[in-house]
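To keep things clear, I will list the structure first and then write my remarks on it.
To find a chain, count down the sequence lines: A is the first, B the second, and so on, and within it residues start at 1.
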2 protein chains.
Amino acid sequence: MSRHPALQPFVRKLSERSHLSEDERHILLDLDGQKAEFAPHRDIVRPGELTDFCCLIVSGMAARFGQLPDGTRQITAVYIPGDMCDLYSLMLPKVEWALQALSSRLVILKVPHRKMLEIVRAYPGIAEACWRDCVADASILSQWVVNIGRRDALTRTAHLFCELGLRMETAGLGSRTAFELPVIQSQLADALGMTPVHMNRIMRALRQQELLTVRGREVQVRDWNALARAAGFEPGYLAIDHRWRRMD
Amino acid sequence: MSRHPALQPFVRKLSERSHLSEDERHILLDLDGQKAEFAPHRDIVRPGELTDFCCLIVSGMAARFGQLPDGTRQITAVYIPGDMCDLYSLMLPKVEWALQALSSRLVILKVPHRKMLEIVRAYPGIAEACWRDCVADASILSQWVVNIGRRDALTRTAHLFCELGLRMETAGLGSRTAFELPVIQSQLADALGMTPVHMNRIMRALRQQELLTVRGREVQVRDWNALARAAGFEPGYLAIDHRWRRMD
DNA sequence: CGGGTAATTGATTTTGATCAATTGGTGTGG
DNA sequence: CCACACCAATTGATCAAAATCAATTACCCG
């Protein structure tokens, strides 16, 4: 049995993209670390520091924030349970991006870099799986650039909800048409590059067009195909469909 | 001596971010591949295919394109000589993003995945350097999300020119204040998420504020500090300053 | 006759102006 | 924190003219 059940969705996600041996899976499931809880607006890691641990999301949601000199913020990535939200810090430990909780209660598991580096050195299959995970994250980032750069506010918002729905479903946290999103509108606005007021308008429009309803923190999609069509959503970039080659 | 001198800037860039032994450097400099030339609007790799090679930019510029159902395009990454523009395809060979020339004459070196995978398997130091390179690319993507999401058109454009200037200088292709940019305004617009007409307005504004002049394909920056200040440019995200730890 | 240079042409890119649509800003009440 | 109204600012869309660039053709001279 694993000391931290929260590792299971993480290892499952890695296994869906990369082939891992029984051995390798056990090594990962046996990782140890320190649990920690964070409230929104508290930095998990602070830009400028050097990190020496990776954060596995246990419960709640987190996001990576960019900040402009004038204080406006832009979310560049949203992380859900099972995501190792700064796996990339293994390669670039100098923190350039703040990591914060989105939900009111975020629980993470801090896994020391030292331990992770030991493992990736000893098990090339794990190294490959982690490298591939970083690449898949970058693929999502590319899609975000397209989304923010070229889609209008409604389509853009619909696209984000499609992405989150699919990721939540894959992580075993509800279905793409019904999942919990512990996030307020101004945080969505920060993720989509718009103002909170406009975000509110768009949520109303989505509701009126019967594409999406949010009641409390619960997202309800009446007709997934309609939403995906409105968003121009193509899930290929999430790289959750197939298993890819391994190095050795 | 290396069969392909174009490999030298690539290996130099890797060495600036990761420690590589003499051996490892030689292995990389000794890579072989097939040269190819592309004109703009011709796909180097086509979405939907499986790639089996990586592209090293020898001369000219290339970009990664996202496309919406209605045909509008968004550039998600710009690549200059010395960049291995789809190193990530080693991990996710299914092509999700078109890769095209920006400049009229783009020369690339196609290095087979098979060979690259052999090398990263045999030399963990090289694997780490490549992994780190992928992570640095993702860091640039994050900054692009911030840039497109939260900066206004003028600041956004200034920021891109800062980034390109610094990358060109680091690659040994001119200085941050004077470099060649073989790219037309509508391509810049595609990179910055705006329309070509608005791009033109912004270029005029940059000229009038004496921040930037473009004559022919030559970018001229009169006062780098003024441009960087206007852009709110912080170069840390480019990860070109320091050398980081290696795994073994 | 051939090589190089200059002019012509056509296509592409840049520039500019005007109007429309989207998005941002502020404030109030639930 | 969400909803909604109002007005302002930024950006998008369309169109037309100028400027630039590329390729071809014509021309000159050795």
Which is true for [X] with a 4.0 Å heavy-atom rule: it touches a base, it touches only sugar-phosphate, or it touches nothing?
X	value
A:G216	nothing
B:R204	sugar-phosphate
A:R207	sugar-phosphate

Rounded to whole Å, how long is the line connecting atom [atom1] of [X] with atom [atom2] of [N]?
X	N	atom1	atom2	answer
A:Q208	D:dA3	CD	C1'	12 Å
A:M199	C:dT22	CE	P	16 Å
B:H198	D:dA13	NE2	C1'	13 Å
B:L212	C:dT14	CG	P	14 Å
A:I202	D:dC4	CD1	P	13 Å
A:R201	D:dC7	CZ	P	14 Å
B:L102	C:dT12	CG	C1'	17 Å
B:D70	D:dG12	CG	C1'	14 Å

Does a donor on one side chain sit under 3.5 Å from an acceptor on the other, for [X] and [Y]?
X	Y	result
A:S142	B:R64	yes
A:E163	A:W144	yes
B:H159	B:R156	no
B:D43	B:Q100	yes

Please tell me which of B:L154 and B:R217 maps to the more 5' nucleotide of DNA chain D, matching each residue to the nucleotide holding its nearest heavy atom.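 Mapping each residue to its closest nucleotide by heavy atoms, the 5'-most match is B:L154.
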Of A:R150 and A:M203, whose nearest nucleotide on DNA chain D comes first from the 5' end?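 Result: A:M203.
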Answer yes or no: is there a donor N or O on one side and an acceptor on the other, between the side chain of A:S89 and the main chain of A:L92, under 3.5 Å?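 A pair under 3.5 Å: no.
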Basic-acidic side-chain contact under 4.0 Å: A:E169, A:R176: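 The answer is yes: the pair qualifies as a salt bridge.
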Would you give the length of the straight line joining atom CG of A:L99 to atom CD1 of A:I57, rounded to the nearest 0.5 angstrom?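 Result: 7.0 Å between the selected atoms.
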Given that B:N200 and B:G149 both sit by DNA chain C, which one's nearest nucleotide is further toward the 5' end?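 Upstream on the strand: B:N200.
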Contact list for DNA chain C against residues 179-191 of chain B - heavy-atom distance below 4.0 Å: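 B:I184, B:Q185 - these, ordered by number, are the residues of the stretch whose heavy atoms sit under 4.0 Å from the strand.
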